[in-house]
Chemist: 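Pasting a structure below so you can have a look.
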There are 2 protein chains.
Amino acid sequence: MSRKTISFGSLSPLVGFHLRRASGEFALDFRSAVEGTGMRQVLVGILAVVEANPGINQGAVGKMLGIKRANMVSLINELVERGALERTMTPRDRRSFSLELTVSGKALLAECMTRIAVHEKKLLAGLSDLEQQLLLNLLSRIESPAG
Amino acid sequence: MSRKTISFGSLSPLVGFHLRRASGEFALDFRSAVEGTGMRQVLVGILAVVEANPGINQGAVGKMLGIKRANMVSLINELVERGALERTMTPRDRRSFSLELTVSGKALLAECMTRIAVHEKKLLAGLSDLEQQLLLNLLSRIESPAG
DNA sequence: TATTGTTATACTCTATAACTATA
DNA sequence: TATAGTTATAGAGTATAACAATA
């Protein structure tokens, strides 16, 4: 179609470059997938981790997801204020709070996960089930923080 | 080691989640890899694309890398001001500029690419050459913008 | 002393809208 | 009218330093 062939040059063989692009692609489509819910990738991540680990404190959630303590504060506040998350004092350690999903928080997460399943299926349509599993396996082997 | 097993819950089977984590991991190590050069992922991307397509204009570079026109301006300025990039007027179309690397820009990019090669090798140490090729192939098949 | 949560702050990245000059 | 570059601006994401309360 075009007269001149353009290329990515030395970026082409870099795994990091393709990770960045693919990740950006997913992030973009994620947005439209959860549009209207007021959710974002980080927030869904937090809800999912709290759901899987009821009673966890926000520092631990942050460590798992690679979010700094300081940045967790407003994120947790946001989720508490919209009634998705509940923060309760624990007598064991009065410095931290015990986090749990509210009923509406569970529904919200479920709604997001349903939409995300569709979004994933769409973006991975070009790969066979086996290839998708392989990709998951390869990706999980190059992650490290709390991996 | 820990008394309680923590998990990522419903995030675990999501390719998007692992892409995000792996990509973040690479981005973090990229930073330390190019530390002292004053470069960042975007800037290296731009230099590499200009090197591979001399005379390209900044709008086209942005399209390839998924960067909005408005955001290209300061990035290109940054590279021109530090003497890595040269902007020349073209009589063909006086709205746009023709971009090329300067000698020092080529050296800068080469230096970055050398460091990035080490960084990639380190982060991909857990995968065989075949697996790395496979990963590249799978990733390239789930990218789309100007892919 | 170390840890949990917090505030304040700053820089990068990303996104939109509106302007100019050229085509 | 469409496009290339620009300006201004606002919202996220991410980073550091310093503080209070608790362990």
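The figures here come from the full heavy-atom set of this structure, side chains too, leaving out hydrogens, waters and symmetry mates. Below, chains carry the letters A, B, ... as their sequence lines are ordered, and counting in each starts from 1.
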Chemist: Please confirm whether the backbone N or O of B:L124 pairs with a side-chain atom of B:Q132, one donor and one acceptor, at under 3.5 Å?
Modeler: yes

Chemist: Could you state the atom-to-atom distance from CE of B:M39 to P of C:dC11 in whole Å?
Modeler: 20 Å

Chemist: Hey, which of these two, B:P91 or B:A70, hits DNA chain C nearer its 5' end, going by closest nucleotide?
Modeler: B:A70

Chemist: Return no unless some side-chain N or O of B:Q58 is found under 4.0 Å from OP1 or OP2 of D:dT6.
Modeler: yes

Chemist: So if I take the C1' atoms of five pairs at each end of the helix from C:dT1-D:dA23 to C:dA23-D:dT1 and get each local axis, what angle do the two axes make, rounded to 10 degrees?
Modeler: 0°

Chemist: Can you find a pair of side-chain heavy atoms, one from A:L47 and one from A:M39, that are under 4.5 Å apart?
Modeler: yes

Chemist: What nucleic acid atoms does B:N71 come within less than 4.0 Å of, heavy atoms only: base, sugar-phosphate, or nothing?
Modeler: base

Chemist: Between B:R92 and D:dT3, is there a side-chain N or O to OP1/OP2 distance below 4.0 Å?
Modeler: no

Chemist: Figure out the CG/C1' separation between B:N77 and D:dT6, and round it to whole Å.
Modeler: 9 Å

Chemist: So which one's nearest nucleotide on DNA chain C is more toward 5', A:R87 or A:R20?
Modeler: A:R87

Chemist: Given that B:V73 and A:R40 both sit by DNA chain D, which one's nearest nucleotide is further toward the 5' end?
Modeler: B:V73

Chemist: Are B:L139 and A:L135 close enough that some pair of their side-chain heavy atoms sits under 4.5 Å apart?
Modeler: yes

Chemist: Let me know the distance between CD1 of B:I76 and P of D:dT7, rounded to the nearest Å.
Modeler: 14 Å

Chemist: For C:dA23, take OP1 and OP2 only and decide whether either is under 4.0 Å from a side-chain N or O of B:R94.
Modeler: yes

Chemist: At 4.0 Å (heavy atoms only), tell me whether A:R69 reaches a base, stays on the sugar-phosphate, or touches nothing.
Modeler: base

Chemist: Would you call B:L14 and A:M113 a side-chain contact if the rule is heavy atoms closer than 4.5 Å?
Modeler: yes

Chemist: Taking CD from A:Q41 and C1' from C:dC13, how many angstroms apart are they, rounded to a whole number?
Modeler: 14 Å

Chemist: Taking side chain as C-beta onward, heavy atoms only, is B:N53 less than 4.5 Å from B:L99?
Modeler: no

Chemist: Counting only side-chain heavy atoms from C-beta out, which of C:dA15, C:dT22, D:dG5 sits nearest to A:R31?
Modeler: C:dA15

Chemist: What integer distance in Å separates B:K68:NZ from D:dT9:P?
Modeler: 21 Å

Chemist: Take the protein atom CD of A:E25 and the nucleotide atom P of C:dT14, then report the distance between them rounded to whole Å.
Modeler: 13 Å

Chemist: Rounded to the nearest angstrom, tell me the gap between atom CG in A:N57 and atom C1' in D:dA23.
Modeler: 13 Å

Chemist: Using whole Å, report how far CZ of A:R95 lies from C1' of D:dA20.
Modeler: 12 Å

Chemist: Going by heavy atoms in the side chains, are B:E25 and A:L19 under 4.5 Å from each other?
Modeler: no

Chemist: Linking Ile, Leu, Val, Met, Phe, Trp and Tyr through side-chain heavy atoms less than 4.5 Å apart, which residues share a cluster with B:F97?
Modeler: B:M89

Chemist: Of the candidate nucleotides C:dA23, C:dG5, C:dA15, which contains the atom at the shortest distance from the side chain of A:L28?
Modeler: C:dA15

Chemist: Would you check if the side chain of A:N57 reaches a backbone N or O of A:A60 as a donor-acceptor pair within less than 3.5 Å?
Modeler: yes

Chemist: Using a cut-off of 4.0 Å on non-hydrogen atoms, how would the nucleic acid contact of A:L43 be classed: base, sugar-phosphate, or nothing?
Modeler: nothing

